[in-house]
2 protein chains.
Amino acid sequence: MKKDLSTEEKIKAAAKEVFISKGFSGCSTREIAKASGMNVALVNYYFRSKSELFKLVFHGAMEDFVNSMVNVFSSDAPLEQKIRLVIEAEYDFLSTHPELPAFIVNEMSREEGCQIDTTFFDKILSTGIFDECTKAFEEGRMRKIDMANLTLLIMSNCDFPFMSKNLMKAVHKISDEELNERLIAHKEIVIEMLITYLFPQKTNK
Amino acid sequence: MKKDLSTEEKIKAAAKEVFISKGFSGCSTREIAKASGMNVALVNYYFRSKSELFKLVFHGAMEDFVNSMVNVFSSDAPLEQKIRLVIEAEYDFLSTHPELPAFIVNEMSREEGCQIDTTFFDKILSTGIFDECTKAFEEGRMRKIDMANLTLLIMSNCDFPFMSKNLMKAVHKISDEELNERLIAHKEIVIEMLITYLFPQKTNK
DNA sequence: AACTATTTTAAACAAGTGTTTAAAACGAAT
DNA sequence: ATTCGTTTTAAACACTTGTTTAAAATAGTT
């Protein structure tokens, strides 16, 4: 039968959960220790310091975050389909990891924060998706748009809905369940809106 | 000639700046005191506690945040124009307050966080903008959409670009200036995309 | 001037922070 | 059983945290 998680793994798992939901400065080493069932000394025994442990967690979070996109972009689907699929993939992924975008965006803005490992973004680049877009609008198959703006369009409409869950619940005075239904519907809205905007040559419905 | 700011005002101003850029748990009472040129005791003398001071700052931030929308919605412009204008207003507002959306979204997700004063959102409601939309798509002048989804569409595309500045700079390896140019361009993209999506009856370009 | 209420200060409080220490418990190998 | 390296523990370290105290400085009024 499978062995239990090692102490090191238990701590890292607990750290991931705590860091992602409370942020680096929103939690203490002792809180992570307690959440993992261990004690403070063990945390530093295995990971040297709170910051080192955080770097590991952040790195992992980034990896998860980027991979869900890379998988889609690496496929051999036609461009329009890739855009559809990446939105679907993001919504699916974020349904199980709703706290990730806020975590990443926030921690990237911390002063002492993450001088980030840009390998992640090179991974996106190396899928050739940007070149594919450039070619597509040179051939008139897609609306011309700067890659930064395209990235913003996709991420805004995928990530923000999950980042703003608590705000939305307050604004519209709705429950978690109701909000989740809205999010499911929102995926389709975003897909249609973005596809229509980016590929306007479609002559009609 | 104008008197200097009072001690109380100086502290509140410093608190606003520090809280908004670092978050509640990202800063200390002493940091706020130092930023205002005062000492710790004065902070609690005027504001009772860190939490009380924070509530005040958060309340003010919310007010600013909501007001920029309310002003537009209260105007007598036609609906489509209102949507255009609210996006313009948001981008203008956020250009000078880029940290606000992240601050609000984050602090709304804190555990001990802001059991929020829903007055703010009632203010939006009372502009009648939602009723106006309902009527508009009953008359076929606008695409039918749930109000939560409409709110999400607008806020996603206005707020996220400013929240993700540091992420975007890292992803695309661009400077502040370059990013700001992208944001200016993004405003127009968002306006066209949203208007086209929400008011699709336009027969052509 | 003297008295009062308000404002400011430096110092202290207990509790919490990240981190380290040094000893104990453990596991595997001889 | 003894040794060894690894893992775990409890305790302590120095420092920061939010908050309070009690005295000092200031301003206002008579």
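These numbers were taken from a predicted model, which means no experiment stands behind them. Below, all heavy atoms of this structure are taken into account, side chains as well, without hydrogens, waters or symmetry copies. Protein chains get the first letters and strands the later ones, always in sequence-line order, with residue 1 at the start of each.
- Take A:Ser68 and apply the side chain to side chain contact (heavy atoms under 4.5 Å, CB included) test, not counting sequence neighbours, and it matches A:Glu90, A:Phe93.
- A heavy atom lying under 4.0 Å from DNA chain D marks the following residues of residues 40-53 of chain A, by number: A:Ala41, A:Leu42, A:Tyr45, A:Tyr46.
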Would you mind writing out the side-chain donor-acceptor pairs for residues 153-161 of chain B within the sub-3.5 Å range, not counting sequence neighbours?
unit_1   : atom_1 : unit_2   : atom_2 : d
B:Ser156 : OG     : B:Leu152 : O      : 2.6
B:Asn157 : OD1    : A:Asn157 : ND2    : 2.9
B:Asn157 : ND2    : A:Asn157 : OD1    : 2.9
B:Asn157 : ND2    : B:Leu153 : O      : 2.8

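- The stretch residues 40-54 of chain A participates, sequence neighbours left out, in these salt bridge (Lys or Arg N to Asp or Glu O under 4.0 Å) pairs: A:Glu52-A:Lys55.
- Under the side chain to side chain contact (heavy atoms under 4.5 Å, CB included) criterion, B:Ala89 pairs with B:Val72, sequence neighbours left out.
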Distance-only criterion, 3.5 Å: show the donor-acceptor pairs between side-chain atoms of residues 57-67 of chain B and protein atoms not counting sequence neighbours.
unit_1  : atom_1 : unit_2   : atom_2 : d
B:Asp64 : OD2    : B:Lys16  : NZ     : 3.4
B:Asn67 : OD1    : B:Lys123 : NZ     : 2.9
B:Asn67 : ND2    : B:Glu63  : O      : 3.4

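- Sorted by first and then second residue, the ring-ring contact (aromatic ring centres under 6.0 Å, His included) pairs with a member in residues 161-184 of chain A read A:Tyr91-A:Phe162, A:His172-B:Phe130; sequence neighbours excluded.
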Side-chain atoms of residues 26-33 of chain B: list all donor-acceptor pairs with protein atoms under 3.5 Å, sequence neighbours left out, distances to 0.1 Å.
unit_1  : atom_1 : unit_2  : atom_2 : d
B:Ser28 : OG     : B:Glu31 : N      : 3.1
B:Glu31 : OE2    : B:Lys22 : NZ     : 2.8

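- Near-neighbour residues of DNA chain C inside residues 18-39 of chain A, defined by a heavy atom below 4.0 Å, number-ordered: A:Cys27, A:Ser28, A:Thr29, A:Arg30.
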Tabulate below the donor-acceptor pairs under 3.5 Å that side-chain atoms of residues 184-196 of chain B make, not counting sequence neighbours, or state none.
unit_1   : atom_1 : unit_2   : atom_2 : d
B:His186 : ND1    : A:Asn149 : ND2    : 3.0
B:Lys187 : NZ     : B:Glu88  : OE1    : 3.4
B:Glu192 : OE2    : A:Arg143 : NH1    : 3.3
B:Glu192 : OE2    : A:Arg143 : NH2    : 3.4
B:Thr196 : OG1    : B:Glu192 : O      : 2.5

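- Along DNA chain C, the stretch of nucleotides lying under 4.0 Å from any heavy atom of chain B spans, 5' to 3', C:dT6 to C:dA12.
- The side-chain hydrogen bond (donor to acceptor under 3.5 Å, both in side chains) check on B:Asp122 picks up A:Lys173, with sequence neighbours excluded.
- If you check the side chains of A:Ser6 and A:Glu8, you find no donor sitting under 3.5 Å from an acceptor.
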